Structures are given as C-alpha cells and as structure tokens.
Amino acid sequence: MLTIYSDAHHLHHGCELKDGVLMPCFEQPGRADTILARVRAMGLGPVAAPGEYDSARYARVHSARYVRFLEQAWDEWAATGRSHDALPLIWPVRDLRSDIEPEFIDGKLGFYAMDAGVAITAGTWRAVSASANLALTGMDALLAGESSAFALCRPPGHHAAAEYMGGYCYLNNAAIAVQSCLDGGARRVALLDVDYHHGNGGQSIFYQRDDVMFLSLHGDPKSSYPYFSGHRDEAGAGAGLGFNHNYPLPHGTGWPAYGEALRHACGRVAAYAPDALVVSLGVDTFKEDPISQFRLESEDFLRLGETLGGLGLPTLFVMEGGYMVDDIGVNAVNVLMGFEGRAGGI
C-alpha cells in the first residue's frame with residue numbers, strides 16, 4: 001500500500017485548554033513519526049511525498065473566507081505584537097450574531113472555531129495545507145488506478161466543517177479527498193469514520209447530499225466529545241435524507257459490539273455501491289488511549305481492516321486521531337495490514 005507523508009507536520013504543535021488547564025496538545029508530532037516508523041518497519045509499501053495543490057481545492061468543501069482566514073490568521077495575530085499561540089477568546093453562541101465576520105483577529109478566532117483545541121501557530125497553515133495535500137495526493141493515486149492508499153495526515157481533519165475548526169482539526173482532509181474523487185468522475189463516494197470521536201465535520205459538509213454516504217462509529221455524544229453531534233437520529237436532510245448514519249456506542253465498548261456496528265455500517269456501504277471508500281482512520285478506540293473510552297485491543301485493528309477489505313472497494317485511508325503515542329503505529333498499521341490480508345503484530 002502506498003503511504004503519502006510530509007515532514008511539514010512538524011511545523012505545528014500548539015497548546016489547548018484541557019480540563020481547565022492550558023497545556024500542550026495531545027495531538028503532537030510524535031504521532032505521525034511513530035506511524036511512519038511502523039509503516040517502514042512492517043514493509044507496508046512505498047512512501048511518497050505529496051503533490052502541490054492550489055487552495056481553491058480546499059474551498060470545494062470549505063468556504064473561501066474560511067480558507068483565507070486559516071492562511072492569514074497567524075500574520076494577523078503576530079501583527080498585534082503577540083508571539084504565543086493564538087486561541088479563541090469568545091464564541092458566537094445562541095443569540096449572538098454569527099453571520100458577520102469580525103475584522104479583528106480575536107473575533108475571527110472565535111467566529112471560526114468550535115473549541116479551544118485549535119491553536120494557531122507560526123507553522124499551522126503550512127502544516128494543515130500539507131496535510132490536505134496528502135489526502136489529495138492519495139485520492140489522485142486511487143483515481144490513477146491504485147486499489148488503496150494511506151494519507152498519513154497530521155494535523156487531522158474530521159472535526160473541521162465548512163466554516164469552523166475544532167478538535168485539533170483545521171481543514172477536513174477526508175472531505176477534501178471525497179470531493180476530489182467526485183470531481184474526478186465518481187458518481188458517489190462513501191465516507192466511513194472510525195475515530196472514537198464523532199466526525200461532525202464530514203457529517204456537516206455532506207449532510208444534504210446524496211452523492212456521499214457518511215457513516216460514523218463513535219462514543220455516544222451524551223458523554224463524549226463533541227457532545228453536540230453524532231446522535232443516531234441525525235439522518236441527513238433534503239437530498240441527503242437517509243444517507244447519514246451514526247453509530248453512537250457507550251463507554252467501555254469492546255470488539256464484540258464495535259465489530260457488530262462496523263459490519264452493519266459496511267452492509268450499508270455495500271448496498272450504496274460507491275465508486276470509492278474514504279476511511280477517516282482514528283485509532284483512539286484503543287483501550288489505553290488517554291482521552292477516549294473504548295476498549296479495542298491492538299489485534300482488533302487487524303479485524304477492523306479485514307472487515308473494510310471485504311468490501312472490495314478502492315479505498316483511501318486518511319489518518320485522524322489516536323493519542324497513545326507508544327501504540328499508535330502498531331494500531332494504525334494493523335488496520336492497513338488487515339485490509340490487505342497480511343498479518344500484523346505487536
């Protein structure tokens with residue numbers, strides 16, 4: 001399997017407000033480094049650099065003004081004399097205006113964010129644009145005839161919607177890849193999110209469309225981030241009604257219940273008969289993940305990959321979450337090895 005990777009992710013490592021404390025993000029460079037080392041150690045396949053793409057490609061799923069904000073945010077922040085990480089100060093909740101973009105950077109940060117886990121640093125734009133380019137390059141490989149590819153994206157993307165960032169995510173890499181597939185001639189694409197946290201960004205972007213089926217297995221939002229998205233009754237709207245499927249699962253879920261939900265989701269994918277499958281690959285479902293509550297074992301990720309491989313679809317894996325850095329490489333690569341019908345290992 002082809003892996004697409006860029007060292008540009010090292011340019012971004014910010015802080016977050018977590019448990020009432022300002023601290024370095026759990027989403028850190030060692031995550032991608034560990035996965036890359038495992039890809040090479042297991043002989044998964046060639047590792048390639050991403051191509052270059054115009055930011056207009058990101059604006060196929062994000063608004064142009066949001067992309068412009070991400071590109072310019074650090075310069076606007078630094079122009080005020082501040083050199084520390086930029087974090088939102090205020091959010092336009094409930095009855096506050098949310099239709100007019102503020103002119104000052106402090107207002108813009110809150111206007112375009114859903115939480116305080118998306119710091120803007122001097123290298124953020126270069127890192128997030130490179131991450132999106134990994135997904136685009138992986139999709140180009142599928143469009144050129146590859147049966148599968150792995151975009152080792154960092155920062156992740158599945159919490160980013162058309163006009164907001166959140167949950168360590170800035171550009172929605174998987175959604176950008178899905179749209180690129182459609183622009184390349186596909187009639188319909190399935191986007192399956194197996195991260196512990198609901199893929200609210202992908203759901204939001206494709207919620208009213210029938211050319212993309214979105215499915216997400218995740219911690220029940222009644223007790224898990226992002227709390228306000230991912231309930232079972234969120235089924236799509238307009239043309240997209242019936243093409244959005246959520247599988248909220250309780251704390252402590254292990255492979256028996258998770259595997260059953262996955263098989264059910266894959267049945268829906270098969271019935272949809274998409275031209276390609278994009279998988280938002282989070283491995284924070286691991287039993288020792290520090291910010292998640294499922295109980296999957298490392299060998300369960302082989303089963304996850306085998307189940308996805310059984311669909312027989314051209315498949316792009318896009319890396320999302322997973323914060324037990326010591327084990328993230330084993331778990332992520334086990335999915336890919338299982339998909340290819342190869343033995344993994346601890």
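In what follows, every heavy atom counts, from backbone to side chain, and hydrogens, waters and symmetry copies are set aside. Numbers here simply count residues along the sequence, with the first being 1. Source: prediction; values computed, not measured.
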Next on the checklist: Side chains of His62 and Glu163: any donor to acceptor distance under 3.5 Å?
Outcome noted: no

Checklist entry - Shortest non-hydrogen contact from Cys25 to His13? => result O-NE2, 3.3 Å

Next on the checklist: Give me the atom names and distance for the closest heavy-atom approach of Leu109 to Leu87.
Outcome noted: CD1-O, 3.7 Å

Checklist entry - Are the side chains of Phe339 and Glu306 in touch, meaning some heavy atoms are under 4.5 Å apart? => result no

Checklist entry - Hey, is CZ on Phe228 packed in by over 12 heavy atoms from elsewhere, all under 6.0 Å? => result no

Next on the checklist: Under a 3.5 Å threshold, yes or no: a donor from one side chain and an acceptor from the other, between His9 and Asp33?
Outcome noted: yes

Next on the checklist: I'd like to check Met114 versus Pro226 (side-chain heavy atoms, cut-off strictly below 4.5 Å). Are they in contact?
Outcome noted: yes

Checklist outcome for this item: Taking every heavy atom of Leu302 against every heavy atom of Asn334, the minimum-distance pair comes out as CD2-O, 3.4 Å

Next on the checklist: Any donor-acceptor pair under 3.5 Å linking the side-chain atoms of Tyr247 with those of Asp193?
Outcome noted: no

Checklist outcome for this item: What one should report as the nearest heavy-atom pair of Leu17 and Gly20 is CD1-C, 4.0 Å

Next on the checklist: Side chains of Thr124 and His12: any donor to acceptor distance under 3.5 Å?
Outcome noted: yes

Checklist entry - Do other residues, nucleotides or ligands put more than 12 heavy atoms under 6.0 Å from Glu260 CD? => result no

Checklist entry - Do the side chain of Thr253 and the main chain of His251 share a donor and acceptor less than 3.5 angstrom apart? => result no

Item to check | Heavy-atom side-chain proximity of Pro274 to Met213 below 4.5 angstrom | outcome: no

Next on the checklist: Strictly distance-based, threshold 3.5 Å: is any side-chain N or O of Asp85 a donor or acceptor partner for the main-chain N or O of Ala119?
Outcome noted: no

Checklist entry - Just by distance, do the side chain of Thr137 and the backbone of Gly51 share a donor-acceptor pair under 3.5 Å? => result yes

Checklist entry - Any side-chain donor-acceptor pair under 3.5 Å between Tyr53 and Asp140? => result yes

Checklist entry - Is the Tyr112 ring parallel, tilted or perpendicular to the Tyr66 ring (thresholds 30°, 60°)? => result tilted

Next on the checklist: Closer than 3.5 angstrom, by distance alone: can the side chain of Arg31 be matched with the main-chain N or O of Val325 as a donor-acceptor pair?
Outcome noted: no

Next on the checklist: Can you tell me how the ring of His84 sits relative to the ring of Trp77, calling it parallel under 30°, perpendicular over 60° and tilted otherwise?
Outcome noted: perpendicular

Checklist outcome for this item: Shortest non-hydrogen pair, Met337 vs Ala343, comes out as CE-O, 3.1 Å

Next on the checklist: Pair Tyr225, Asp115 - check side-chain hydrogen bond (donor to acceptor under 3.5 Å, both in side chains), show working.
Outcome noted: CA-CA 11 Å; Tyr225 180 96; Asp115 63 24; 2.4 Å; yes

Checklist entry - Does a donor on one side chain and an acceptor on the other come within less than 3.5 Å for Ser131 and Asn173? => result yes

Checklist entry - Have Asn244 and Gln203 got a donor and an acceptor in their side chains that come within less than 3.5 Å? => result yes

Item to check | Between His198 and Asn246, a side-chain donor and acceptor under 3.5 Å | outcome: yes

Checklist entry - Can you tell me if Ser180 and Arg60 form a side-chain donor-acceptor pair at under 3.5 Å? => result no

Checklist entry - What is the ring orientation for Phe301 with Phe286, classed by angle as parallel under 30°, tilted 30 to 60°, or perpendicular over 60°? => result tilted

Next on the checklist: Please find the pair of heavy atoms, one from Cys15 and one from Leu22, that lie closest to each other, and give the distance.
Outcome noted: SG-CD1, 3.8 Å

Checklist entry - Does NZ or CZ of Arg188 fall inside the cone over Tyr272's six-membered ring, less than 6.0 Å from its centre and within 45° of the axis? => result yes

Next on the checklist: Do Tyr168 and Glu16 pair up side chain to side chain, a donor and an acceptor below 3.5 Å, judged on atom types alone?
Outcome noted: yes

Checklist entry - Does CD1 in Ile90 sit with more than 12 non-hydrogen atoms of other residues, nucleotides or ligands closer than 6.0 Å? => result no

Checklist entry - Hey, is the main chain of Pro250 close enough, under 3.5 Å, to the side chain of Gln293 for a donor-acceptor pair? => result no

Next on the checklist: Regarding Asn172 and Tyr170, do their side chains bring together a donor and an acceptor under 3.5 Å, going by distance alone?
Outcome noted: no

Checklist entry - Taking atom types as modelled and ignoring hydrogens, do the side chains of Arg82 and Thr80 form a donor-acceptor contact shorter than 3.5 angstrom? => result yes

